[in-house]
Amino acid sequence: MSKSIRSYFTVIKKQTTKIAHDDSDIIPESPEIQVKKKKQTKKRRIEDSDEEIFSPKVKKVDIGQKSAQKSPKLKEVTITDLFGSEKIKKTESLVVKNKSEKQTEIGIHSDEEFEQSLLELDTIDNISPEQVKSYKKDQGKCIVEEEPKSNKEVPKVKISPPQLSSTKDNTSKSSKKPKKHHQTESELKEKHYKITNNDNDKKNSKNQNNNDKIIEIEDDEKGHKFNNSSVEEKPHAINKSKMRKRDLSEFLEDDDHDTSFKKKKHDDSLNESALSDQERHERKRLSASLYQKYLNRTGPKNLGAKEIPEGAPGCLKDCAFLLTGVLDSFEREEIVEAITKYGGSVKSGVSKKVTHVLAGEDAGPAKTAKAETLGIKIINEDQFLNMITELSKKNKNKKSNTNDKPHIKIENSDKNKSPNDEKSNKNEKTTKDKSKLSLNDKVKKEGSVSPKATITLKNDKSVSLKNPIKKERSVSPKAKIKKEILDSPKKDFYGKINKKKSEEEVEQIDNVDNSSKDASLMWVDKYKPQSIKQIIGQHGEASNVKKLINWLTKWYVNRKAKLPKPNPWAKNDDGGYYKAALLSGPPGVGKTTTVGLVCKELGFDTVEFNASDTRSKNLIKEQISELISTKSLSGYAKGVTGKQAVTKKHVLVMDEVDGMAGNEDRGGLQELISLIKSSSVPVICMCNDRNSEKMRSLVNYCYDLRFSRPRVDQIKAAMLTICFKEGVKVPGDVLSQLISAAGQDIRQTLHLLSVWTADPTLTERDKLQKEVQRVKKDIKMGPWDAIRKVFSAEEHKTMSIIDQSDLFFTDYSLAPLFVHENYPQVVPHCPKHEVLDRMSKAVDSLSLGDLVDSRIRSNQAWSLLPLQAMYSSVIPGQQLSGHVGGQIQFPSWLGKNSRANKMSRLAQTIHAHTRLSTSGSKSSIFLDYSSHLRDAILNPLIKDKNEGISKSLQVLEEYHLLRDDLESLTELSLWPGQRNPSILIDAKVKAAMTRTYNKQASALPYAPGTIKKAKHLETDENGLEMDAEDDLENYSDPENDLLIKKKKMKDLEKASSSKEKPQSSKGRGKKTK
Amino acid sequence: MSLWVDKHRPKDLLKLDFHKDQAVRLKSLVQQSDFPHLLVYGPSGAGKKTRIMCLLRELYGSGVERLRQETMHFTTPSNKKIEIMTVSSNYHIEVNPTDVGIYDRVVIMDLVKNVAQTHQIDSSGQREFKVVILNEVDDLTKDAQHALRRTMEKYVATCRLILIANSVSRVIPAIRSRCLTIRVPAPTESEVCSVLQTVCKKEGLNLPSELALKISKCSGRNVRRALLMCEACKVQQYPFKADQKVPEPDWQLFIKETASMILSEQSPKKLGEVRQKLYELIIHGVPPDIIFAGLLKELVINCDMAMKCQVASHAAMFEHRMRLGNKAIFHLEAFVAKFMAIYKKFIEDSVGDAF
């Protein structure tokens, strides 16, 4: 063997370098060199400090070996060595690049351990007792910084499987090498965590001397093991050189895991050379496939099928578990939680400390195999559960075990043959296994190892330390190591404690980070639909989503087609005519979500403006229209070339268009409309109330897509899914109540749900129901709903008087009108003969309410509103408490009032016109004159036909009435059930009369122009807009055209004689035109 | 061809058909070439305006009859532009401030001040003052009335105010005390009859006295209405017959209809129907107080004395509320509901007694 080794030795050097290249092509030579040099430089330092006993030997060995083998290289590399930390980082990154694909879980874990060991080493190097504390703090920081790096380094772990076979060869190289490593490692501070790993590995190897086979099987996991076991083994290293040999063998294995440069430093590299490339490949493949499996593995099949039994606290105190594979009915986290709850620890790798391996489906073959070899119990889920119950009984006995632990240490140093040692091994195993878990889990599990480590170090204090340190990482064992090396227990102790603290802090931070990612997301965002299918209530063929997709996809085609404007009442319009779509609907039904997803699906880029953007006329004109007219170059970015690269496929999304208001957005809507007209891209607008005043103009240019509230059951289904995911239990009926209380607003429902879950007291059904009631109050109520409640005897039972008056305040200007309009429909729950009495009392109260109202309005006495609420809503409600018998009507008072106003305007005009010849006031026009005047004018026409024209015109003239006033007169005097007498007039007579009227030029005492102006105003008020002028011309006479022609004829005939006529008042002039 | 009512309007104080002694007094008042502010009040159709025009004619001569209409523009403190139609001659200006609703105060202040502040340049042969006629003073807002009272004193040298109102009850005492109040009561039925007779004589028609009496009764002693009805009768049927049917105004018929509805059935459903009728009345500009009066008159016909009092007091109460409040319909309906409740109870009781 030794011979062969020698022979290899020279060769190996070259080969090792080669190997390194093979494994990680990118790793430069410099790192290796670095390592060597560092070793040397740092050795000196170590000597200065009060370190290891054997250090001098080690140096010599190292120097001897190195000088023999590597001395030439050393010199070249020196410069790089000096820049410790930076270089390390670089190498790491390189490594990452190389092996990122190959990362294994184990690798990940090992990284962390590396870091920690590094840290420990650092401390060890520098430690003078006083400095320890300050160091620890630094280390804490270091850990934080280095963790991410460590993760990346992971891949290296698997590099060299072949070493195993060569382990024995390596051992021949003798105990000196391990010593070397220790020293070098300790020398290398922050930079060379890898080295530290090596050290650990070596130590571990001692433990596993016997188990060479195991080593082969579990290459992947060894890294971890070594780290953990190193704690125990260090003492051996100090005491026994033999052990070191074994260390060496394992060290080599470790090298596989670790970066290649380590191998080179050590003679171990020789071993590697012995391995064939093929073997390595196979191993890689194996681990890769395992990892793949891990990635793809499913969750527990029967989640929640079993429950973890109640056990006595601390019943698992001395048990260390390794979890592997997928359990049948528990999430891994649940089990971990349970174990820690009962005082047990969870390990991430197989070691002697592990007492049980809890194996599920797809259990890691390596772990189970190793567990078997170590004689660790492999249990399944059910056994585990049983164990809890059983152990909880025996629990008390186990507490005494703490005393054994000091022994463990001793035994370890003697060489772990005691049963305790086995245990410890198992523990280590668990830690290894757990390394497969995500970082968080790892942290916890690894931490569990530490207690024992502490015990080994200090019997006195270990007890106290043990329990709290669950979370401590594997670092602590290493801390021990250095301490042992230093032989100064006190320092070690302090160092440990501090480290623990810092590590715990780090851990906490980690936890917070990870959990905060999820927790910080609102449910609304967390469960936002990711695809069109997930939008609630939009699945049907005729759903808005489908329509929108349809419309968008056909948009460009339709632009060329030039479709006609569809009938507004057409049912199956696909909106082809429109260039814009208007999505309207209540908040929280998914309008914006829909647009976002649809655009995404169809590959449109969206340009969105919402209420938070200023959308004034200018801004829209300049910015948006510019945006729209541009072409997207995103195609180029995606590597598409040619015409397709440039796409106009974007959509302008104007969210919350009904929010375009105020000075900021002045003219925005008008501009938006003109923009839609000229737009070359689809425009999607969204608003809440399509019927609002503001939207009126925009609606005409938009494809109308109305979102209605999804049904309760639709929302409920989605909510139940979410509740399940979040692990919240909300009874179905309460959920339905909540949804309807939220007005089928999905967003609000989600918010409410998440608020509920945040409140731990809300678990009982009753409380939830109360909560729903409370929520209901906050929901906006329309006057229609409110009015029903005002009169509802049912509601009155649960409502306080304040609640009832709140109904009035849903809209205090409308509420009294609603009450007044609808009270006759109410069926009060009372004896029949009382009904009228109650009703009269109710109206009585209403009339008092009107007094208050008038006081409020005239004196701005708004403090009286509550009083009005009593009179106008609460008292009538109480009097007529029952139920509403019919449909709730909108108050007709508003319409009637405006009609009354119109009538009074007409009367006023007539009054003004007839002022000179009559003596009465305006009301006398209403009451007396209107019908008589009308008759005086119309009767001659009806009776005498054409002969009566002059007579009726005389009346008109006498009273200075205009032709239009005749219409007003008839309107004023016409009562329902009466026939309009003007119908009786022969159309010809009417026309003739109009004609003659136009011909006559009677002088008016007033300026008709002003009156006309007034008319304009009136018509404007009636919403007839600018057509008033045309109306004036065609006002009463359908035969105006005829008339005009004839007029012209006559004008021609009488051209000379009728000169004065054009001078007649403008009003008539217009008509003659 | 005007209607009779306007055609035969007397233009001289001495030619007035009724309240002749009052006319004489007015004449003597004016003959002193000066007179205080006047507050003329009385029911409509009693001849207030006619009397005033006669007075002015007496004062200024026939120049007063040359009327013109002007539109005046005002700006409210809130910068709202309002315009109002005025009728004026050289000597007087007549305005109806209630036309502008709540802005009547602005009109009063500006217009009266304008007119009052302009002195006659040449006062020889003319009066030293102008006359401002304000219509419907009782409908002025309180603000406007208060604005009026200082102006009345301040410009008393240059202008006289003649206020016309239906009732002084809503004119603030401060104004009442500053004016000489002249009450023009409604003519008696016989006076109305004589007016009708004279008019018919002028028209060359023969009006049977029975019909004249019928018309005057029907008109509620409102001369304007009586004349209009008389003319309508003539259109309807001429020569007149004594038993001829007098066409009542539509709104009166409508009120009667409503009242009979109320009497026919008392139920919430009927109340809803009545409401529609009431709305219709209001829309057609029938003043709510007239509706109240009309309804009450019709409703109490069938009631015994005790109930009449009860109903009347309720009607008064609700009418009062109506004036204080904004929405007449509330109070009208409250009255109707009240009446229904009372009436139904009354009926049930009497039916119960019968058994």
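In this text the structure is predicted, and so the values were computed from the model without any measurement. In the text below, chain A, chain B and the rest are named by the order of the sequence lines, each starting its count at 1.
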If you measure from the Lys or Arg side-chain nitrogens to the Asp or Glu carboxylate oxygens, is any gap between A/D844 and B/R321 under 4.0 Å?
yes

OG1 of A/T914 to CG of B/L3, rounded to nearest 0.5 Å, is 10.5 Å

Contacting region of A/A912 [heavy-atom separation from chain B under 4.5 Å]
both

Contact part of A/L953 toward chain B, heavy-atom cut-off under 4.5 Å: side chain, backbone, both or neither?
neither

Counting heavy-atom pairs under 4.5 Å with chain A, which one of B/E94, B/K270, B/K345, B/Q276 comes out on top?
B/E94

Between A/D853 and B/K327, does any side-chain N to carboxylate O distance fall below 4.0 Å?
yes

Say whether, by atom type as modelled, one donor and one acceptor occur between the side chain of A/D837 and the main chain of B/A341 under 3.5 angstrom.
no

With only heavy atoms counted, which part of A/K943 is less than 4.5 Å from chain B, the side chain, the backbone, both or neither?
side chain

Okay, side chain of B/K338, backbone of A/S840: is any donor-acceptor separation there less than 3.5 Å?
no

Do A/E958 and B/K7 meet the salt-bridge criterion of a basic N to acidic O distance under 4.0 Å?
no

Does A/W975 reach the main-chain N or O of B/F254 with its side chain, forming a donor-acceptor pair under 3.5 Å?
no

Any side-chain donor near an acceptor of the partner, B/Y279 and A/N897, under 3.5 Å:
no

So for A/T918, is it side chain, backbone, both, or neither that comes closer than 4.5 Å to the heavy atoms of chain B?
both

Between B/R275, B/M317, B/H331, which residue shows the highest count of heavy-atom pairs closer than 4.5 Å to chain A?
B/R275

Quick one: of B/N96, B/N135, B/V336, B/I290, who has the most non-hydrogen atom pairs under 4.5 Å with chain A?
B/N96

So, the part of A/D935 with a heavy atom under 4.5 Å from chain B: the answer is neither

A/S904, part contacting chain B, at a heavy-atom distance under 4.5 Å
neither

Toward chain B, the part of A/S952 with a non-hydrogen atom under 4.5 Å:
neither

Walk me through it: do B/F330 and A/H820 pass the test ring-ring contact (aromatic ring centres under 6.0 Å, His included)?
CA-CA 8 Å; B/F330 279 46; A/H820 173 252; 4.3 Å; yes

Does any heavy atom of chain B fall under 4.5 Å from the side chain of A/R855, the backbone, both, or neither of them?
neither

Check whether B/E280 reaches the backbone of A/P976 with its side chain - one donor and one acceptor, N or O, closer than 3.5 Å.
no

